[in-house]
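A short write-up of the structure that comes next.
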Amino acid sequence: MELTSNPNNNMSSGKRDILNLSPEELKEEMTVMGEKPFHAGQITRWLYKGTTSFQEMSDLSGSLQSKLDSRFVIGTLQQLKRLVSSDHQAIKYLYLLLDDNIIECVVLKYHHGVTLCLSTQVGCAMGCRFCASTRGGLVRNLTAGEMVAQVLSVQRDHGLGDIGGLVLMGCGEPLNNYADVLKFIRQIHDPGGFDMGYRNITLSTCGLVPQMRRLAEEGLSINLAVSLHAPSDVLRRKIMKVANAYTIQEVVDAGRYYYEKTGRRVTFEYTLIDGLNDRPEHARELAALLDGFPCHINLIPLNENGEDGLRRSSERSVRRFETELEHAGKNVTRRRELGLDIQGACGQLKAAYLERKQDGLRRSDHGIRGIQSPGNSQGNQ
Ligand code: SF4
């Protein structure tokens with residue numbers, strides 16, 4: 001598939017996004033600019049404090065500030081929407097990119113701290129039936145800098161010095177944007193910058209087997225979450241297109257390989273869909289599939305978005321499924337659901353926003369009031 005070009009790689013101003021540079025690349029840039037490499041560390045510290053202007057970098061000389069200004073921009077995201085769930089445990093952001101594409105990210109407040117769920121692509125090519133993010137297919141990959149900008153934008157807005165974890169579980173398949181996602185993870189881990197521990201980062205994949213195996217070789221101790229959503233190939237193919245490319249056994253084997261190489265526990269995500277994959281026999285089949293694998297199973301009752309008429313499993317079915325897995329000795333939890341009232345699942349808020357925008361445009365064509373202006377959307381909508 002041909003993707004639209006990424007504006008951050010070659011901005012119309014001719015300036016590049018400095019957030020796209022790794023610490024090593026920034027040092028090299030200093031040398032190219034005739035400056036000492038140690039300035040890279042100073043600049044990185046400012047950037048990860050959330051500074052949006054080179055002029056604010058007060059320990060740099062005026063001439064270096066000007067040189068930076070003539071070559072780079074500091075990538076920022078324009079906040080279109082900010083929705084807070086009624087229980088104040090989730091905040092969802094819609095951000096506008098430089099090329100007018102829109103992405104989502106979500107702050108989730110758990111008892112153990114604040115986790116930020118990021119997007120890695122605009123749209124998604126993977127075509128999972130239950131997911132709103134994939135409706136328009138893949139538009140383009142996000143750059144590492146745009147992923148960093150999500151972290152810094154949320155931090156700026158929220159005043160969070162306490163983002164304790166990152167999950168790459170928003171819009172997009174992270175392993176389908178392998179190079180930039182890996183670059184982002186290394187950048188955000190850099191002790192001179194954000195200093196996020198690898199163990200506090202979770203990457204979620206729908207099961208791209210070759211990339212899972214490659215990730216295992218990278219020497220990163222990040223957590224891996226694998227979307228399984230079915231215990232067999234026949235059933236998985238009904239809800240996930242990727243199941244036509246890789247068998248479920250190949251996916252589980254790649255997860256096992258990741259665990260063996262990294263020592264990090266692998267979580268298998270299982271969305272429960274009424275009447276489709278939520279029966280006790282499915283639970284027993286899943287337990288057998290994962291037999292002897294010290295992994296974790298995370299159950300997620302479907303967050304309905306009207307796709308294909310799929311329905312959320314009943315409370316009784318969820319409990320029964322969980323009990324079957326427990327009886328089989330599996331390590332299983334049910335995902336705590338935050339932000340349901342703010343369209344917390346991947347892609348839902350963006351889809352609703354675009355539908356409302358279209359609707360607003362149609363109405364304004366007829367002289368009726370259009371959509372709300374961006375940035376005024378505190379609270380539940
Ligand atoms: S669930 Fe993830 S991989 Fe599947 S379509 Fe949605 S964003 Fe893509």
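This chain uses plain numbering: 1 for the first residue, then up along the sequence. Ligands are counted one by one from 1 in listed order, and the atoms in each one are counted from 1 as well.
- Between D59 and R45, none of the side-chain N atoms (NZ, or NE/NH1/NH2) sits under 4.0 Å from a carboxylate O, so this pair counts as no salt bridge.
- Near C128, the atoms of ligand 1 lying under 4.0 angstrom from a non-hydrogen atom of the residue are 1 (S), 4 (Fe), 5 (S).
- Using a 4.0 Å cut-off to heavy atoms of T134, the atoms of ligand 1 that qualify are 5 (S).
- Shown in contact with C131 at under 4.0 Å from a heavy atom are these atoms of ligand 1, numbered in order with element: 1 (S), 5 (S), 6 (Fe), 7 (S).
- Taking a cutoff of 4.0 Å between a charged side-chain nitrogen and a carboxylate oxygen, K27 and E24 qualify as a salt bridge.
- With respect to the salt-bridge test (charged N to carboxylate O, under 4.0 angstrom), the residues R334 and E315 qualify.
- Close approach of ligand 1 to C124 (heavy-atom distance below 4.0 Å) involves ligand atoms 3 (S), 5 (S), 7 (S), 8 (Fe).
- To the nearest 0.5 angstrom, E218 atom CD is 5.0 Å from R186 atom CZ.
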